Trainee: 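Please see the structure below; I have some questions.
All values reported here derive from a predicted model rather than from experimental measurement.
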Amino acid sequence: RYLLNLLVEMYADCGSIDAATQVFFLIDRPNLFSWNILLTAYAQNGHLDRAAEIFARMPERNLVSLNAIISAYAQAGQIHKVLSLFTTMPQKDIISWNVLLKAYGEQGNAALAKEVFDKMPEWDLVSWNAMIAAYALCGHIGKARALLGRIPIRSVLSWSCIVQAFVQHSGNLGDAREMFFEMPEWDAASSTAIVTLLSQQCGLEQAQEVFNGMQHRNVTAWNAMLLVYIRCGHLEGAESVFHSMPRKNIVSWNSMIHFHVQNGNFESAKRMFLSVPEHDVFSCTDMITGFARVGLLKDAVKIFSEMPESNVVSWTAIAAAHAQLGYTVEAMDLFDRMAERDVVAWTMLLTTHAQAGKITEAKTLFDQMPERN
RNA sequence: GGGCCCCCUUCGACUAGAG
C-alpha cells in the first residue's frame, strides 16, 4: 500500500492529477496517508473545489488533513475560510500557525501577520521567514531587516525570502538588489529572482553577470535568463540562450512562443508551437493572442476550444480577440460566460463598449467593477 | 516508561490576457 501511496504522490508532483487519482483507486484499502496524499494532490494542483470534496468525503481526518485543507484555502486567497477552520481546529501545531501567518503575509497584511506571529506558541525557520517576507512584501524594510538579524537559525533561505518578497513587491526593486548584494552567499532562488527583476528593467549586462556567477544553473535559472533577452527584444541573444540551454522545459518553449508572438513573427511562433512536445494554458493563450493579431479569429477559436483547460486569462484573451476584430457582441457574450472575472477582464469589456461607442454602458460597467486599478 | 526516524500537511525563484 505505501508503494502505491508513493506512486500517487509522484504523479501528483508531476502535475498528472488524473494518473494520481487512478492509482489511488487501485489502492485496496486506502489509509489516512493515502487520503491525505490525494487531498494534497488536488490542493497543490489548484483544484480547491475537488480538494474540499475529498476532505468532506474522507473516512477520517487528522491534523495533517486539516493543515492541508487550510493551506489549500490560503493558496486560493480565501482567508476567511482559513480563519474559520483554524479557530475551530481541536488542536493546532506549528504548521497550522505557519499557514495562517503565511496567508496574512501573502495578502500584504503585515499587521495581522505580526499578531499571529506573536500569538504562536513557538517558531521555526518557516515562521521567521514568513514573517520577514510579510514585512518585505509590505515594504517595511527596516522591520524586515531587524527581524532578520534576530533569527536564531541562520539560513540563506531567510535572505532569499526577503529578496524574493522585494521582487514581488514591485515598488522595492532597489531594496531587493541591495539585499541581494548583502547576502552572505547566493542560492539559486534569490539569483533567479534578481535575474527576473533585471529582466523587467532590461538590465542585460547585470543579469548576465549574476547568472554567470551562479554555482548551479538549473532550468528555472536558464528560463529567467532567457526572459531577459526576450524582454529586451534581443532576438539573437534569446535564440542563442535558448539553444545553449542544457535542458528545456515547457516554460522555455512557452517563453519563445511568447517572444515570437510579441515581435510579430507569427510564423515562427506557429512553427515553435507545433514542434513543441506539450502545450498548456500559457502557450495556448499566447497563440490565441497571436492569431488574433494576424486576424485569424477562426484559428484562435479553434485553439481555445481545444485547450486542455482554460482560466480567466485565456477567456479574456479570446474575448479580446473577438473585440479587437470587431465582434463586440460575441466578446460581451464571452464575458458573460466567464466563470470568474478579474480587473483585466472587466477592463477588456469596458474598452470594448467604449470603442463601440456605448458610453453609457461603459460608465455603468465602470461603476459595477468590483475592483479597479 | 520515554525519545527519534520512517509514505502525508507549512514548500521559496522562471512563462500567458485588457489598458
Trainee: If I take atom CG in residue A:Asn5 and atom P in nucleotide B:C6, what distance separates them, rounded to the nearest angstrom?
Mentor: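 That distance rounds to 15 Å.
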Trainee: With rounding to the closest Å, how many angstrom separate the P atoms on B:U10 and B:C6?
Mentor: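 That atom pair is separated by 15 Å.
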Trainee: Tell me: CG of A:Asp124 to C1' of B:U9, nearest whole Å?
Mentor: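 The answer, rounded to whole Å, is 13 Å.
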Trainee: Would you find more than 12 non-hydrogen atoms of other residues, nucleotides or ligands less than 6.0 Å from A:Gln368 atom CD?
Mentor: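 More than 12 heavy atoms, drawn from other residues, nucleotides or ligands, come within 6.0 Å of this atom.
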Trainee: Provide the distance between the two P atoms, one in B:C5 and one in B:U9, to the nearest whole Å.
Mentor: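 The same atom, P, in both gives a distance of 15 Å.
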Trainee: Classify the nucleic acid contact of A:Asn218 as base, sugar-phosphate or nothing, counting any heavy atom under 4.0 Å across all strands shown.
Mentor: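 A:Asn218: base contact, heavy atoms under 4.0 Å.
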Trainee: According to ring-ring contact (aromatic ring centres under 6.0 Å, His included), who are the partners of A:Phe273, at least two apart in sequence or on a separate chain?
Mentor: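 Per chain and number, A:Phe273 pairs via ring-ring contact (aromatic ring centres under 6.0 Å, His included) with A:His279.
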Trainee: Only pairs at least two apart or in different chains count here, so list each ring-ring contact (aromatic ring centres under 6.0 Å, His included) that has a residue in residues 69-95 of chain A.
Mentor: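 Only A:Phe86-A:Trp97 qualify under ring-ring contact (aromatic ring centres under 6.0 Å, His included).
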Trainee: Using whole Å, what does the distance between atom P of nucleotide B:C11 and atom CG of A:Asn45 come to?
Mentor: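 Going from CG in A:Asn45 over to P in B:C11 covers 15 Å.
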Trainee: Scan nucleotides 14-19 of chain B nucleotide by nucleotide, 5' to 3', and note B when protein non-hydrogen atoms come under 4.0 Å of the base, S if they reach only the sugar-phosphate, - if neither.
Mentor: BBBBB-
Trainee: How many whole angstroms separate atom CD of A:Gln44 from atom P of B:C11?
Mentor: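 Going from A:Gln44 (CD) to B:C11 (P), I get 9 Å.
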Trainee: So, the side chain of A:Asn45 versus the backbone of A:His47: is there a donor-acceptor pair under 3.5 Å, distance only?
Mentor: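 Here the side-chain-to-backbone pair does not exist.
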Trainee: Is the closest basic N to carboxylate O distance between A:Glu106 and A:Lys102 below 4.0 Å?
Mentor: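 Yes, this pair counts.
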Trainee: B:C11, OP1 or OP2 - any side-chain N/O from A:Lys102 closer than 4.0 Å?
Mentor: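 So the side-chain polar atoms of A:Lys102 do come within 4.0 Å of the phosphate oxygens OP1 or OP2 of B:C11, strictly under.
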Trainee: Give every pair of a protein N or O atom and an N or O atom of nucleotides 2-5 of chain B that lie under 3.5 Å apart, one pair per line with the distance.
Mentor:
none

Trainee: Check ring-ring contact (aromatic ring centres under 6.0 Å, His included) between A:Trp253 and all other residues, then give those that pass, not counting sequence neighbours.
Mentor: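 Scan of A:Trp253 (ring-ring contact (aromatic ring centres under 6.0 Å, His included), adjacent residues dropped) gives none.
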Trainee: Take the protein atom CG of A:Asn62 and the nucleotide atom C1' of B:C7, then report the distance between them rounded to whole Å.
Mentor: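 So the CG-C1' distance, A:Asn62 to B:C7, works out to 13 Å.
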Trainee: How long is the gap from CZ on A:Arg145 to CG on A:Leu147, to the nearest 0.5 Å?
Mentor: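 Going from CZ on A:Arg145 over to CG on A:Leu147, the span is 13.0 Å.
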Trainee: Among the nucleotides B:A13, B:U10, B:C8, which one has an atom lying closest to any side-chain atom of A:Ile37?
Mentor: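 When the side chain of A:Ile37 is considered, B:C8 is the closest of B:A13, B:U10, B:C8.
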Trainee: My understanding is that only residues two or more places apart in sequence, or in another chain, count here; which of them pass ring-ring contact (aromatic ring centres under 6.0 Å, His included) with A:Phe282?
Mentor: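 ring-ring contact (aromatic ring centres under 6.0 Å, His included) list for A:Phe282, sorted by chain: empty.
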Trainee: Can you tell me the distance, in whole Å, between the CG atom of A:Asn67 and the P atom of B:U10?
Mentor: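 Distance, rounded to whole Å: 9 Å.
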Trainee: Send over the distance from A:Ile69 CD1 to B:U9 C1', rounded to a whole Å.
Mentor: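 Computing the A:Ile69:CD1 to B:U9:C1' distance gives 11 Å.
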Trainee: For the pair made of CD1 in A:Ile70 and P in B:C11, what is the distance, rounded to whole Å?
Mentor: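 From A:Ile70 CD1 to B:C11 P: 11 Å.
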Trainee: Is it the case that more than 12 heavy atoms not belonging to A:Arg247 sit under 6.0 Å from its CZ atom?
Mentor: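 Result for CZ/A:Arg247: open.
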